[in-house]
2 protein chains.
Amino acid sequence: MSDPSTKERLLDSAERLFAERGYAATSLRELTQDAGCNLAAVNYHFGTKEALVLAVLERRVRPVNEERLARLDALEAAGTPQLEDVLRAFVAPLLERHRDGAAVERVARLFLQLSTMRDPELQHYRLFQSTATRFVAAFLRALPEVDPVTVYWRITFMIPVVAMSFSDAERLAFLSGGTASADDTERALAHMVSFLAGGLRAPEPTAGGAA
Amino acid sequence: MSDPSTKERLLDSAERLFAERGYAATSLRELTQDAGCNLAAVNYHFGTKEALVLAVLERRVRPVNEERLARLDALEAAGTPQLEDVLRAFVAPLLERHRDGAAVERVARLFLQLSTMRDPELQHYRLFQSTATRFVAAFLRALPEVDPVTVYWRITFMIPVVAMSFSDAERLAFLSGGTASADDTERALAHMVSFLAGGLRAPEPTAGGAA
DNA sequence: GTCTATAAACGGATAGAC
DNA sequence: GTCTATCCGTTTATAGAC
C-alpha cells in the first residue's frame, strides 16, 4: 500500500497522458518514462496498449456505475422515485467521486476519445450496458405523462450532457462567461439536474413541427 | 467542375476515413489511395496532415455557422425572437445541410476527435467564436426570467447535445430503443428543440440544492 | 500538378538475461 | 517483475524528375 505498484503507476500515467495528449499521440515510451518504469512493463502487466487504455477507463467507470446502481436500488426500494432523484443518482456519482474538476475532465476526455474510435479492440459499451438498461427503465417510470418514444429521444440527448459537459475546462469557462467551474461539483450537479429535468419533462413537440 | 479536383477528392476521402477510422489511425497512404492520388499530393495541397484535417472540418463547419448567423439576423430584424426560434436557428443548419444522418455523424465525430486533442496545431475554436458570442447574447435575451449565470451553465450543457447526439448512430439506436434515427432530420430537430427549450427554461435549482 | 524514391524517425511488441 | 537490446513494420514529409 505504501508505494503505488508499477501497475498502478502505469494506470495513473496512462490516464493523465492519454487524456491530456490523446491516446494515439502518447507513445508507450513517453508513458513508461512518466511512470518511472521500463517499456516492457506495459506488455508484462497489460499485454497491449489497447488493453491498457481499456483498463484505465474501467478503473474509473466501474465504481461510478456501481454507485449509480446502488443509489437507484435504494431509491426504488423506498417507492417510485421522482425524476430529479433518478437524475441525481445518475449524475452525482460521476461528479462526487473525484476531488476536483480535473479528474472528471480526464475521465470524460478518455471516454470521448474511445467513443470516436471504431476499433473493435477498444469497445467499451459493455461497461455501461447494465447501467443504461436500468436507468432507461427508471426514466420511463418517472415520466409516465411523456410518450415513451419521446423519452428515448431525450435520453439520447441527455447522455452527451453527462459525458461531455466537463470534458474541456476551457470550453466550460468560455461558454459560461467565466462563471462556471467544474471544481464546484455541488453547483454543477444542481444545475445539470435542473437542466436535464426540464428537458426530459418539456412539452412534447407538436406533430406539425411548427415554426 | 465536372470531375472533382484532386484537392476535393482528398477532402472527401479525409472526411470519411478520419471520421470512420479516426484521425490518428488513418495514414496518409490509405488516404491518398482512397482518393486515387499520390501520397505527395497531401503535402502539395495542404502542407501537413494537421492542416488537412482542419480544412476538412472548416469546409463543413463554416457554411453551417454562416447559415446560423444569417437565420439569427433574420429573426432579430423582425423583433425579439422566442427561445424556440433561436434554438432552431442554431440547430437546423447543422441537420438540414446534409441529406442523411451519416454526413451529420461524420462531422460530429470529426469535431469530437479534434475536441479531445490539445495539440495547438489542431485548434478549431476560432471556427465557432463569433457564432458563440452572437448566440449566447441571443439566449440571454430570450430568457429574461432566468438568472444569467444559470443561462451560462445551461448553454454549457446545450453544446454537448448539439455536438455529440448524432456522433454515433449505434448509440442513438440503442438508447432510443430503435425508435430514433438521425436520418429523420425533421423529427430529430423537433425533439432536440423541445428538449433544449425545456432545459433552458427549467425552474432554477434552489440555493440549498435540496433533495 | 503529379509522380517515384527515399529520407529520417518513431511506433508497438518481444526475446532473453537477471 | 524488471531490465536491455532489438526486431520489423510504419509514419510523415520531402527532394527532384517529368
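Because the structure is a prediction, the values reported are computed rather than measured. What's counted below: heavy atoms across the whole structure, side chains too, no hydrogens, waters or symmetry copies.
In summary, the side chains of A:N65 and A:R62 do not present any donor paired with an acceptor at a separation below 3.5 Å, with no hydrogens or angles considered. No side-chain N or O of A:R126 forms a donor-acceptor pair with one of A:S130 less than 3.5 Å apart.
Rounded to whole angstrom, the span from the CG atom of B:L52 across to the P atom of D:dA13 amounts to 10 Å. At whole-Å resolution of the value, CZ in A:R29 and P in D:dC3 are 15 Å apart. With rounding to whole Å, A:D119 atom CG is found 14 Å from C:dG12 atom P. Whole-Å rounding puts the A:L28 CG to C:dA13 P distance at 6 Å. Atom CZ of A:F46 is separated from atom P of C:dG12 by 15 Å (rounded to the nearest Å). Whole-Å rounding puts the B:H45 NE2 to C:dG1 C1' distance at 6 Å. One atom, CD of A:Q33, and another, C1' of C:dC10, lie 15 Å apart when rounded to the nearest Å. One can place NZ of B:K49 at 17 Å from C1' of D:dT14, the figure rounded to the nearest angstrom.
For the OP1/OP2 pair of D:dT4 and a distance below 4.0 Å, the side-chain nitrogens and oxygens of A:N38 include at least one atom meeting the criterion. Taking 4.0 angstrom as the limit, B:T6 places a side-chain polar atom (N or O) nearer than this to OP1 or OP2 of C:dT2. At least one side-chain nitrogen or oxygen of A:S27 sits closer than 4.0 Å to the OP1 or OP2 atom of C:dG11. Distances shown here put every side-chain N or O of A:N43 at or beyond 4.0 Å from the OP1 or OP2 atom of C:dA13.
Classification of the B:H124-B:F128 ring pair by plane angle, with boundaries at 30° and 60°, yields perpendicular.
At a threshold of 4.0 Å, the pair B:D34-B:R16 counts as salt-bridged, since one of the basic side-chain nitrogens sits closer than that to a carboxylate oxygen.
Nearest approach of B:A19 to B:L110, heavy atoms of both residues: N-CD1, 4.1 Å.
For A:A40, the listed nucleotide lying nearest its side chain is C:dT14; candidates were D:dA13, C:dT14, C:dA13.
Contact annotation for B:T26: backbone-only contact, meaning every heavy-atom pair under 4.0 Å involves sugar-phosphate atoms and none involves a base.
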